[in-house]
Trainee: 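Starting off with a structure, shown below.
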Amino acid sequence: AAERFGALRERKGGGGRGGDHQISPSPVVHVRGLCEAVVEADLVEALDKFGAICYVMMMPFKRQALVEFSEAQSADRCVSCGAKEPVYIAGQQAYFNYSTSKRITRPTNADNPDSGNKVLLLSIQNPLYPITTDVLYTVCNPMGSVLRIVIFKRNGIQAMVEFESVQCAQKAKSALNGADIYAGCCTLKIEYARPTRLNVIRNDAESWDYTKPYLERRDRGKGRKRQAILGEHPSSYNDKGYGQPCPLLPLPGNSRYKLGSLDVPDMVSYPPPQSSSSSYSSQASSSVAMVSGLHPSKMNCTRIFNLFCLYGNIEKVKFMKSVPGTSLVEMGDEYAVDRAITHLNSIRVFAKRLNVCVSKQHSVIPSQVFELEDGSSSYKDFSMTRNNRFSSAGQASKNIIQPPSAVLHFYNVPPCVFSLQLCEEHDVPGFVKFKVFDAKPSSKTISGLLEFDSKTQAVEVLTVLNHYQIRIPNGSNPYTLKLCFSTSSHL
C-alpha cells in the first residue's frame with residue numbers, strides 16, 4: 001500500500017494549539033486562520049508592532065499567509081506573543097508558527113518595496129468573469145494613477161499594471177493583495193514585476209496606454225459589455241456604452257477596500273472606458289462554443305462535458321454531422337464560453353489539438369442525431385445533471401478556475417479505491433506521484449492530488465475519468481469521482 005500524505009500546508013507549531021510539531025526559528029512566519037476578507041495591509045497593520053516587515057505572500061484560498069520580517073527577533077516576538085495571547089487580524093484571531101522557509105521566494109529581483117519598481121504583476125485566481133483593461137483600471141486607479149495595463153494568458157489570467165510612482169504601486173499592492181474583484185472570485189495575488197516600464201502598442205481590452213489615447217484601437221464588434229464593480233457579479237449594459245461616469249458609490253461594509261489605517265479612499269468611482277465609438281464586447285457574445293479537432297473515436301458528448309464543465313455549466317452538446325470532429329457546446333452563459341476559450345483553446349487531447357471558438361449559434365438544437373464511432377449518441381442534454389458545478393452562486397464560488405496542468409485534484413473517492421488499475425482499465429496514462437489529504441475520522445471519502453508526466457496526460461485522464469461511477473462491495477449507491485486541475489504545478 002502506498003504511503004498516505006498529509007495536506008499541502010505548513011506543519012503547525014505554536015500559536016495557541018497544543019501538540020503541534022515544533023519548527024526551528026525563521027524570519028518567516030506562517031499565519032493561519034485568517035478571515036476571507038483579509039488583505040496584505042491588514043497583516044502589516046496587525047504585525048508591524050513586532051518589527052519591520054519586508055515581504056508578505058498571501059494565500060487567500062487557504063486563508064493563510066507568509067510574513068517575512070527583516071530580523072529573526074521580530075519573528076520570535078510574533079510567534080511567542082501569538083502563543084501566549086490572542087492576536088487579531090482584521091477582527092479575527094490568527095495563529096502563528098515559524099515557516100519552514102528562511103526567506104519568501106520573490107518572482108523578481110526585488111527584495112523589498114523600496115526597490116523602485118512601479119509595475120505590479122497581478123495573478124487573477126478563480127476568474128469566473130472576463131478580465132479586461134477597463135476592469136483592472138477601475139480596480140487599480142483609485143489606489144493611484146495608472147499609466148499602462150497589459151493582460152496576458154500564459155498560465156491562467158495575469159496582468160501587469162504600471163503606476164505613476166513607486167508609492168502608488170506600494171499602496172495598491174498593500175490594499176489589493178488578496179482582495180476579490182467580484183465577490184467570491186477573481187481574487188488578486190499581487191507581486192512586484194520585473195519590468196520597470198510597460199510597452200503598449202494598441203489600446204484594447206487586453207492592453208492600454210492611458211498616456212496615449214490616440215493609439216490604434218481594435219474593433220471588437222458589438223454585443224454585451226460590463227462595468228467592473230466590486231459586487232456580486234458584473235453588471236451588463238447595452239450597445240449605447242457606459243454613458244456618463246457613475247456617481248461615487250460607497251463600498252460594501254465587508255469590502256476588502258475598507259482599510260481604516262491606510263490612506264485608501266472609502267469611495268470608488270467607475271471611470272468611463274477609453275473606448276472607440278464601437279461598443280466593446282467580451283470575447284464571447286454567444287453562450288455556444290464550437291469545438292473542432294476532436295478525436296473521431298475517443299471523444300463523445302460525455303467526455304466533452306467532463307472537460308468543459310470545469311469552466312461553466314453545460315446545457316447541451318451536439319456533434320455536427322456535416323463537419324466531422326466538430327461539436328457545438330451550449331454553456332450556461334457567454335462568460336463560461338469565454339473561460340473555456342481562454343483555458344482550452346489549442347490544448348492537445350488524444351494527439352489532436354482542440355480549436356475552441358465562439359459559435360454563431362445562440363442555442364443547440366437536437367437535429368440530425370446520429371451514432372458516433374464509439375456507439376454513443378451525437379447529441380446529449382446535460383441541463384439536469386447534478387454534475388454541473390455552477391448551478392448556484394455558492395456552488396460556483398467553490399470552483400477554482402484553473403488552466404490545464406499536470407496535477408489533478410481528485411475528491412469524493414472512497415478510501416483505497418483510486419489506483420493505477422483504474423487508469424489501466426480505461427486505457428489512459430497512469431499517475432507518477434500522488435498525495436492524499438488528511439480527512440476527518442468520520443469521513444467516508446478521501447481527496448488528494450495526482451501528478452502525471454505531462455499536462456496532456458492529465459487532460460486525457462480528466463476527460464475520460466471525471467464523473468466515473470465507483471461502486472464498492474455491499475454499497476448501496478456509487479461514488480462519483482470528481483476531478484479538476486490543481487493550482488499545484490508539481491508534487
Trainee: Output yes when a side-chain donor or acceptor of Tyr311 lies under 3.5 Å from a complementary backbone atom of Gln402, and no otherwise.
Mentor: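 A pair under 3.5 Å: yes.
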
Trainee: Would Val29 and Val79 count as a side chain to side chain contact (heavy atoms under 4.5 Å, CB included) if you check the C-alpha gap in whole Å, the side-chain angles of each, and the deciding distance to 0.1 Å?
Mentor: CA-CA 7 Å; Val29 173; Val79 174; 4.1 Å; yes

Trainee: When you look at Thr445 and Tyr411, which way does the side chain to side chain contact (heavy atoms under 4.5 Å, CB included) test go after all the steps?
Mentor: CA-CA 7 Å; Thr445 63; Tyr411 56 101; over 6 Å; no

Trainee: Using atom types as modelled and distance alone, determine if a side-chain donor or acceptor of Ser392 lies under 3.5 Å from a backbone N or O of Gln395.
Mentor: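 Answer holds: yes.
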
Trainee: Under 3.5 Å, side chain of Asn388 to main-chain N/O of Phe382, donor-acceptor pair present?
Mentor: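 Side chain of Asn388 to backbone of Phe382: a pair is present.
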
Trainee: Please check if the number of heavy atoms outside Lys102 that lie under 6.0 Å from its NZ is greater than 12.
Mentor: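 Yes, NZ of Lys102 has more than 12 neighbouring heavy atoms, counting only those of other groups under 6.0 Å.
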
Trainee: Find the distance between CD (Gln125) and CG (Leu122) and round it off to the nearest 0.5 Å.
Mentor: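 Taking CD in Gln125 and CG in Leu122, the distance rounds to 11.0 Å.
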
Trainee: Just to verify, what does Cys81 make a side chain to side chain contact (heavy atoms under 4.5 Å, CB included) with, not counting sequence neighbours?
Mentor: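 Cys81 satisfies side chain to side chain contact (heavy atoms under 4.5 Å, CB included) with Phe50, Glu85, Val87 once adjacent residues are dropped.
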
Trainee: How far apart are the closest heavy atoms of Tyr98 and Ser24, and which atoms are they?
Mentor: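 That would be CB-O, 3.5 Å.
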
Trainee: Side chains of Asp204 and Thr133, heavy atoms from C-beta outward: is any pair under 4.5 Å?
Mentor: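 Answer no - side chains too far apart.
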
Trainee: Would you mind reporting whether Ser488 and Leu449 have side-chain heavy atoms less than 4.5 Å apart?
Mentor: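 Yes; the side chains approach each other to less than 4.5 Å.
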
Trainee: Any side-chain heavy atom of Ile89 sitting closer than 4.5 Å to one from Val31?
Mentor: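 Result yes, sub-4.5 Å side-chain heavy-atom pair found.
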
Trainee: Run the side chain to side chain contact (heavy atoms under 4.5 Å, CB included) check on His467 and Phe305 step by step: do they pass?
Mentor: CA-CA 10 Å; His467 306 121; Phe305 173 86; 3.5 Å; yes

Trainee: Are there more than 12 heavy atoms of other residues, nucleotides or ligands under 6.0 Å from atom CZ of Arg197?
Mentor: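 It does: Arg197 CZ has more than 12 such atoms within range.
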
Trainee: Determine the sole option in Leu47, Asp76, Val28, Asp48 for which the side-chain contact (heavy atoms from CB on, under 4.5 Å) test with Phe69 is passed.
Mentor: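 Single pass found, and it is Leu47.
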
Trainee: Go through the steps for Asp209 and Thr211 under the test side chain to side chain donor-acceptor pair (under 3.5 Å), then give the verdict.
Mentor: CA-CA 5 Å; Asp209 188 334; Thr211 68; 2.5 Å; yes

Trainee: Using side-chain contact (heavy atoms from CB on, under 4.5 Å) as the criterion, point out the one residue from Val337, Leu307, Ile314, Val356 that pairs with Val329.
Mentor: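 Looking at Val337, Leu307, Ile314, Val356, the match for Val329 under the side-chain contact (heavy atoms from CB on, under 4.5 Å) is Ile314.
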
Trainee: Counting distance only, does the side-chain N/O of Asp42 pair as donor-acceptor with the main-chain N or O of Val39 below 3.5 Å?
Mentor: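 At least one qualifying donor-acceptor pair exists.
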
Trainee: For the residue pair Phe431 and Phe434, categorise the inter-ring angle as parallel (less than 30°), tilted (30 to 60°) or perpendicular (more than 60°).
Mentor: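 Ring orientation of Phe431 relative to Phe434: perpendicular.
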
Trainee: Specify the closest pair of heavy atoms between Pro127 and Cys186, including all atoms of both residues, with the distance to one decimal.
Mentor: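 In this case the closest contact between Pro127 and Cys186 is CA-SG, 3.8 Å.
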
Trainee: Counting distance only, does the side-chain N/O of Asn117 pair as donor-acceptor with the main-chain N or O of Thr196 below 3.5 Å?
Mentor: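 Such a contact is absent between Asn117 side chain and Thr196 backbone.
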
Trainee: Keeping Asn313 on the side-chain end and Gly332 on the backbone end, is there a donor-acceptor pair under 3.5 Å?
Mentor: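 No; judged by distance alone, with no hydrogens or angles, the pair does not exist.
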
Trainee: Starting from the C-alpha separation in whole Å, work towards a yes-or-no answer on side chain to side chain contact (heavy atoms under 4.5 Å, CB included) for Leu34 and Met59.
Mentor: CA-CA 10 Å; Leu34 298 172; Met59 294 180 278; over 6 Å; no

Trainee: How many angstroms lie between CD in Glu460 and CZ in Phe452, if you round to the nearest 0.5 Å?
Mentor: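 It is 10.5 Å, given to the nearest 0.5 Å.
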
Trainee: Is the distance between the ring centroids of His30 and Tyr95 under 6.0 Å?
Mentor: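 Distance test on ring centres: not under 6.0 Å, no.
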
Trainee: At their closest point, which heavy atom of Ile190 faces which heavy atom of Ala172, and how far apart are they?
Mentor: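 It is CD1-O, 4.3 Å.
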
Trainee: If the condition is side chain to side chain donor-acceptor pair (under 3.5 Å), which residues does Glu40 pass it with, not counting sequence neighbours?
Mentor: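 Checked Glu40 against side chain to side chain donor-acceptor pair (under 3.5 Å); matches are Lys173, Asn177.
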
Trainee: How many angstroms lie between atom CD of Glu315 and atom OG of Ser287, to the nearest 0.5 angstrom?
Mentor: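 Going from CD on Glu315 over to OG on Ser287, the span is 8.0 Å.
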
Trainee: What orientation do Tyr335 and Tyr129 show, parallel under 30°, tilted 30 to 60°, or perpendicular over 60°?
Mentor: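 Because their plane-to-plane angle is over 60°, the rings of Tyr335 and Tyr129 count as perpendicular.
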
Trainee: So which heavy atom on Asn306 is nearest to which on Thr463, and how close?
Mentor: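 That would be ND2-O, 3.0 Å.
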
Trainee: Measuring from atom CD of Gln64 to atom OG of Ser99, what distance do you get when rounded to the nearest 0.5 angstrom?
Mentor: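 It comes to 10.5 Å.
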
Trainee: Asn399 versus Leu310: any side-chain heavy-atom pair under 4.5 Å?
Mentor: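 Result no, sub-4.5 Å side-chain heavy-atom pair not found.
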
Trainee: For Ser74 and Arg77, does a side-chain donor sit closer than 3.5 Å to a side-chain acceptor?
Mentor: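 Per modelled atom types, Ser74 and Arg77 side chains form a pair under 3.5 Å.
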
Trainee: So do Leu66 and Tyr55 actually touch side chain to side chain, heavy atoms under 4.5 Å?
Mentor: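 In short, these two side chains do not touch, never coming nearer than 4.5 Å.
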
Trainee: At what distance, to the nearest 0.5 angstrom, does CG of Leu408 lie from OG of Ser486?
Mentor: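 Reported to 0.5 Å precision, the distance equals 8.5 Å.
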
Trainee: With heavy-atom distances below 4.5 Å as the criterion, would you say the side chains of Met143 and Leu176 are in contact?
Mentor: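 Met143 vs Leu176: side chains touch.
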
Trainee: Which pair of non-hydrogen atoms, one from Ala75 and one from Pro27, has the smallest distance, and what is that distance?
Mentor: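 Answer, listing the atom of Ala75 first, then Pro27: CB-O, 3.7 Å.
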
Trainee: Rounded to the nearest 0.5 Å, what separation is found between the NZ atom of Lys189 and the CD atom of Gln158?
Mentor: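 Reported to 0.5 Å precision, the distance equals 10.0 Å.
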
Trainee: Hey, are the side chains of Val407 and Leu450 touching, using non-hydrogen atoms and a 4.5 Å cut-off?
Mentor: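 The answer is no, as the side chains (C-beta and beyond) never meet within the 4.5 Å cut-off.
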
Trainee: Under 6.0 Å from the NZ atom of Lys482, do we count more than 12 heavy atoms belonging to anything else shown?
Mentor: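 Result for NZ/Lys482: enclosed.
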
Trainee: State, yes or no, whether a side-chain contact exists between His343 and Ile401 at a heavy-atom distance under 4.5 Å.
Mentor: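 With C-beta onward as the side chain, the pair touches.
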
Trainee: Do any N or O atoms from the side chain of Asp180 and from the backbone of Ala183 form a donor-acceptor pair under 3.5 angstrom?
Mentor: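 No.
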
Trainee: How far apart are the closest heavy atoms of Pro404 and Val459, and which atoms are they?
Mentor: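 Where Pro404 meets Val459 most closely, the heavy atoms are CB-CG2, 3.8 Å.
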
